[in-house]
Amino acid sequence: MLKIEDLHVKLEEEDKAILKGLSLTVPAGEVHAIMGPNGSGKSTLSYVLAGRDGYVVTGGSIEMFGHDVLGLEPEERAAEGLFLAFQYPVEIPGVGNMTFLRTALNAQRRHRGEPEMNAADFLKLVREEGRKLKIDAEMLKRPVNVGFSGGEKKRNEILQMAVLQPRMCILDETDSGLDVDAMKLVASGVNALRSPDRGFLVITHYQRLLDHIQPDVVHIMADGRIIESGGPDLALKVENEGYDQFVGAAA
Amino acid sequence: MSAAEKLSPKREAAARLLAGAPIPAGQAGWADAARAEARARFEAMGAPAKRDEYWKYTDPTLLTAPKAVAAEAEPTAAPEAFPGADAAEFVFVNGRFRPDLSAETVEGVEIRTLAETLGADIAFARGLFGALEAAGHEKVARPLAALNTATAVEGLTLRVTGEATRPIHLRYVQVGEGAAMVRHLVRVEKGASVTVLESGAVTNGVTEVDVAEGGAFRHVRLQADPAQAGATHVFARVAPHGLFKTFTLTTDGRLTRNEVVFDLVGDHAVGHAAGGVLATGESLIDNTVFVTHTGVHGESRQVFKSVLDGRGRSVFQGKIFVRDGAQKTDGYQISQSVLLSDTAEFDAKPELEIYADDVKCSHGSTTGAMDEDALFYLRARGVPQREAEAMLVAAFVDEAIAEIDDDAFADAMRAHVAAWMARRA
């Protein structure tokens, strides 16, 4: 589903390498977690995968859905089935949540040569998925993320994921700013989407989200590389003993 | 150089403009007097010049070059400005009123041509024609408006006596080049209300609006790609509990200067001026607003949004002037622009002048590129770049469009914004 090989990335604006030979493979049907200290390059990885400007890939490759995606625009990657749940979902005043989501869904469908979803079917779908995430009609009518609490923003991300039905999902620090109840809601939303033909990459600083979203594989990232991979136990080891043991060993 | 010598080029320019426009004949004595006074005002002020502070950002040269009156012509088909609006249309072709193409009556409104009104003795017009224009020079000269009072022969006068049953749509059609000058008078009687729509453009347009107690005047204007440089003035005087609201969407064109000048003379009066500017190529669009608070508990708002591409330029000059005694004034002003290119330009000049001590006045102005975070967010969800930009631009301009009370007219403006963005793609 996702295959990253020896990826090197630097910032466009300054000569600063962020990712330094990162390799990672997420097969369909699996949930992989990336844990790492602040500044290890986790968010850069999520942005580069999504195709954001401002980064230069100086080496290596990213394959998604069986082919190279480095030359694709963010909207093309999205239409092919990539979804990035943002660490800081963006507020867009003046653009209604529903309008935004319907525009996105139909743009993706057009790109894939599928018919657009009509307003009635869309409304039904969004209400149904919204209900599971406790997102009411009033929230759906508001401008995208404007005036939403931290928890509401993250639930809104998961709602978008549920409606867009991506094949490869990246969750960037989705647990940040969430209380326990909100985290459970978000996790159940994610777990409902787990399926044999969908891959997940869960980026997190803390282990606690992984109590609710059980990963198949855990990777430890430091200084722009994966320095250790293992089973779910690896997350517990980080929680108990910190990152220093891995970072020290790699240095 | 003496002051008199400094003025002379402005006066010369004024004389040139007057030479091509003799004082209209066949009017009542009061109208002749008003014309003569306006002519004297214009001669004394001289034509606007680039070095005038009020024209610092907008070179008036194109507006002060004498231009022959546009020839008579038959209208060409134009896209609808307000689709679906059940409005009574009054059509001007090359600045000439065309009764044959226009509605005759609107319930609740006495409609006459300017010539009829100035040839008769109609009380409201006597106290209004040239009066608001003359008062409008109190703080700063507006010579092109005085020129209009002195010489304009075409236009309508509206006396609104009740709730106008339909909006009145003043539609200007321009075929080829040439000067097109119009002058309208609107008197909204006590408790009465009307909506006036305008579409198209003229080279010199002035409207004087007198809103009596509890009356309401609403104005929505579309200036789509005016082929010629033009200047407009809307003057308004608002009595207690009266409402004056004006919105203008201007797209491209060569040079458009819109001045809105209103005085909340009565207590608890409300005045709003809003506008959207979409400019690319070499277009220059200038919105200059002057708000005077005279009565107490007045509320004024100015909301202007500009979207600029290519070498497009937008100028906003907005002033809130609060007279001594205009307590409890609530004045608000915001002007913002989004620059879609490195060569676009936005000039904003907000001003406050306040002589009362118990007032609330605020102003703000911002300019910047499109929000990259929002753009990436939309694209990361699958919205193609051009479509995402159009969504963000629509949302940005919408804060000004939202000032329009009637949803149908607001939607019409939204459609024009979307069409402009689509043309850009």
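Here is the naming used below: chain letters follow the sequence lines, and residue numbers restart at 1 for every chain.
In terms of the side chain to side chain contact (heavy atoms under 4.5 Å, CB included) criterion, residue partners of Ile354(B) (sequence neighbours excluded) are, by chain and number, Val322(B), Leu352(B), Val359(B), Cys361(B). The salt bridge (charged side-chain N to carboxylate O under 4.0 Å, His left out) check on Lys134(A) picks up nothing, with sequence neighbours excluded. Looking at residues two or more places apart in sequence or on another chain, you find no side chain to side chain donor-acceptor pair (under 3.5 Å) involving Ser188(A).
In terms of heavy-atom pairs under 4.5 angstrom with chain B, the leader among Val144(A), Leu164(A), Ile92(A) is Ile92(A). In terms of heavy-atom pairs under 4.5 Å with chain B, the best-connected choice from Gly94(A), Pro74(A), Gly51(A), Ala78(A) is Pro74(A).
Residues Gly382(B) and Ala107(A) come closest through the heavy atom pair O-CB, 3.3 Å.
By the neighbour-count criterion of 12 heavy atoms within 6.0 Å, atom CG of Asp15(A) is sparsely surrounded, having that number or fewer from other residues, nucleotides or ligands.
Neither the backbone nor the side chain of Pro166(A) comes within less than 4.5 Å of any heavy atom in chain B.
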Would you list the atom pairs in which one atom of chain A and one of chain B form a donor-acceptor pair under 3.5 Å?
unit_1: Arg52(A); atom_1: NH2; unit_2: Asp373(B); atom_2: OD1; d: 2.5
unit_1: Glu73(A); atom_1: OE1; unit_2: Arg379(B); atom_2: NH2; d: 2.5
unit_1: Glu75(A); atom_1: N; unit_2: Arg379(B); atom_2: O; d: 3.4
unit_1: Glu75(A); atom_1: OE1; unit_2: Arg379(B); atom_2: NE; d: 2.7
unit_1: Glu75(A); atom_1: OE1; unit_2: Arg379(B); atom_2: NH2; d: 3.1
unit_1: Glu75(A); atom_1: OE2; unit_2: Gln385(B); atom_2: N; d: 3.1
unit_1: Leu84(A); atom_1: O; unit_2: Arg381(B); atom_2: NH1; d: 2.9
unit_1: Leu84(A); atom_1: O; unit_2: Arg381(B); atom_2: NH2; d: 2.8
unit_1: Gln108(A); atom_1: NE2; unit_2: Arg381(B); atom_2: O; d: 2.9
unit_1: Arg110(A); atom_1: NH2; unit_2: Glu387(B); atom_2: OE1; d: 3.0
unit_1: Asn145(A); atom_1: ND2; unit_2: Tyr377(B); atom_2: OH; d: 3.3
unit_1: Glu157(A); atom_1: OE1; unit_2: Arg381(B); atom_2: NH2; d: 2.7
unit_1: Glu157(A); atom_1: OE2; unit_2: Tyr377(B); atom_2: OH; d: 2.3
unit_1: Gln160(A); atom_1: OE1; unit_2: Arg381(B); atom_2: NE; d: 2.5
unit_1: Gln160(A); atom_1: NE2; unit_2: Tyr377(B); atom_2: OH; d: 3.2

